[in-house]
Amino acid sequence: MEQLLEIRRRLTSFQIILSGFAGVILLGTLLLMLPLSSADGRAAPFGDALFTATSAVCVTGLVVRDTASSWTGFGQAVILCLIQIGGMGVITVAVVITLASGRNLSLKQRSTLQEAIAAPQVGGIARLAGFILRVTLAVELLGAVMMAPVFCRDYGKKGSWLAFFHSVSAFCNAGFDLLGTDGKPFVSLTGYGAEPVVNGVVMALIITGGIGFLTWDDIRVNGRHLKRYRMQSKVILSMTGILILAPFLYFYLWECAGMTGWERVLVSLFQAVTPRTAGFNTADLAAFSGAGQAVVIVLMLIGGSPGSTAGGMKTTTLAVLCSSAVSVFRRRDEAHLFRRRLEIGVLQSASALLMMYVTLFLVGGLVISMAEQLPMSVCLFEAASAIGTVGLTLGITPQLGIVSRGVLIALMFCGRVGGLTILYAASPGKSQCTAKLPQEKIMVG
């Protein structure tokens with residue numbers, strides 16, 4: 001026991017985050033392998049259980065088994081718990097349990113939670129954890145209550161469970177659904193493409209979970225006084241609006257041109273919201289043009305915002321990269337957003353994240369294409385969905401072999417815990433070298 005405590009003390013915050021997610025995934029895998037979890041009464045294969053648990057904890061939504069028809073109520077409850085833990089964050093859940101038990105947080109626990117939720121400072125971190133719990137439960141319950149009449153109308157008493165499951169899945173940006181059947185699996189929300197209540201509530205939940213708890217804390221404290229908001233909150237709200245409006249116009253004018261009236265608006269808007277890590281869909285994405293699928297891929301790679309239930313590179317990363325590019329075009333020495341300078345370290349981190357995500361996306365798609373002998377465009381779509389923890393698919397995931405599934409599992413894990421977290425966990429120590437090497441110019445562009 002003393003050795004375990006010593007190992008725990010030596011772990012860095014990043015290593016604790018990494019091991020926390022891995023531990024929950026392993027536990028979820030073991031629970032899903034129980035015969036009690038499978039609809040056929042037999043133990044699920046380790047590969048299927050691992051893939052499902054990883055997708056749930058990493059709030060992705062890619063599945064190799066239809067969630068509704070392949071898992072029992074117990075199995076679905078396990079998946080829902082994994083989604084909830086993954087959405088709030090393993091460290092956040094652990095901290096909430098610690099506070100509920102009446103114990104005080106150690107400095108190490110506060111520091112780890114700060115890294116996990118991308119908080120600006122350690123001060124007030126316990127209050128923020130309580131705020132996250134309250135917001136999560138309140139919003140999910142509200143979403144379930146609003147969708148319950150529609151699902152109860154279509155499914156009877158079972159509709160209450162469906163409403164709650166889909167509310168949690170939407171807020172956590174997971175994309176798991178319970179609407180498939182043995183005859184028609186993997187349908188997502190395609191049957192509700194023109195239904196305003198389900199569309200509106202699910203989109204609101206996705207956006208609420210995707211903008212981040214720190215942004216909601218800013219909104220709670222400052223209300224309509226936008227000038228008082230942190231720069232990060234201003235960037236997140238601005239980028240979220242742009243990344244919803246621009247794709248909506250594209251889908252409305254091109255991909256959904258064959259639809260009419262209210263359905264065209266709802267389907268276009270839903271497809272603009274869901275690719276940034278939610279995973280639900282109300283349209284057949286395989287029927288989209290190559291350009292339409294490329295737009296979805298870009299949105300999946302961008303993802304949501306820091307400190308949220310969403311994955312991807314994050315909206316702030318895109319904003320920093322765009323600001324840096326504008327500063328170069330205008331021959332400015334420094335990049336800035338909302339009349340605030342950006343640190344050089346932030347620019348370096350954003351560039352590293354872009355390079356990492358693009359590399360993983362391309363290599364993952366290439367490996368899957370080579371292993372499955374499938375078109376590269378289709379495989380890149382699945383890879384982007386995994387690394388962005390989205391869950392949208394063109395229908396090939398259930399048929400993939402063990403190598404390709406392993407690639408997607410690795411991409412989902414990297415996308416949820418964060419690429420920089422993995423790098424920092426692997427090399428926790430800072431460089432001790434203070435001497436600077438000679439400088440020499442190199443031409444680019």
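All values reported here derive from a predicted model rather than from experimental measurement. Counting from 1, the numbers follow the sequence of the chain as shown.
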How close do F165 and I79 get, counting heavy atoms only, and between which atoms? CZ-CG2, 4.4 Å
R220 to F131 six-membered ring, cation-pi geometry met (6.0 Å, 45°): yes
Distance, nearest 0.5 Å, that separates SG of C256 from CG of L269: 10.5 Å
Evaluation steps, ring pair (Phe, Tyr, Trp, His ring centres under 6.0 Å), between F288 and F251: CA-CA 10 Å; F288 277 18; F251 290 129; 5.7 Å; yes
Does atom CE of M33 have more than 12 heavy-atom neighbours from other groups under 6.0 Å away? yes
Tell me whether S167 contacts the main-chain N or O of E140 through its side chain, where contact means a donor paired with an acceptor under 3.5 Å. yes
Where the side chain of Y252 meets the backbone of V267, is there a donor-acceptor pair that is under 3.5 Å apart? no
So does I132 get a backbone contact from the side chain of T136, meaning a donor-acceptor N/O pair under 3.5 Å? yes
Sub-3.5 Å donor-acceptor pair from the side chain of T190 to the main-chain atoms of A283, do we have one? no
Could you check if a side-chain atom of Y357 sits within less than 4.5 angstrom of a side-chain atom of T317, using non-hydrogen atoms only? no
Does R42 offer a backbone N or O that forms a donor-acceptor pair with the side chain of S38 under 3.5 Å? yes
Whether the side chain of S369 engages the backbone of L374 through a donor-acceptor N/O pair (distance < 3.5 Å, no angle test) should be reported. yes
Tell me whether T54 contacts the main-chain N or O of F413 through its side chain, where contact means a donor paired with an acceptor under 3.5 Å. no
Nearest heavy atoms of M147 and A163, plus distance in Å: CE-O, 3.7 Å
In short, Y250 meets G292 closest at the heavy-atom pair OH-N, 3.2 Å
For the CD1 atom on I402, are there more than 12 heavy atoms of other groups (residues, nucleotides or ligands in this structure) within a distance under 6.0 Å? no
I'd like to know if the side chain of E263 and the backbone of G193 have a donor-acceptor N/O pair within less than 3.5 Å. no
What pair of heavy atoms forms the shortest contact from A272 to L299, and how long is it? O-CD1, 4.3 Å
Going by side-chain contact (heavy atoms from CB on, under 4.5 Å), R276 matches just one of V298, V390, T240, L301. Which one? T240
Over all atoms of both residues, closest heavy-atom pair of S323 and L342: OG-CD1, 3.9 Å
For T397 and F51 the tightest heavy-atom approach is CG2-CZ, 3.8 Å
Does M376 have more than 12 heavy atoms from other residues, nucleotides or ligands lying within 6.0 Å of its CE? yes
Could you give me the CA-CA distance, side-chain angles and deciding distance for S268 and E255, then say whether side chain to side chain donor-acceptor pair (under 3.5 Å) is met? CA-CA 8 Å; S268 300; E255 301 300 333; over 6 Å; no
When you measure from the side chain of R230 to the backbone N and O of T215, does any donor-acceptor pair fall under 3.5 Å? no
Expected output: side-chain T67 to main-chain F176 donor-acceptor under 3.5 Å: no
Can you tell if the side chain of L179 reaches within under 4.5 Å of the side chain of Y192, non-hydrogen atoms only? yes
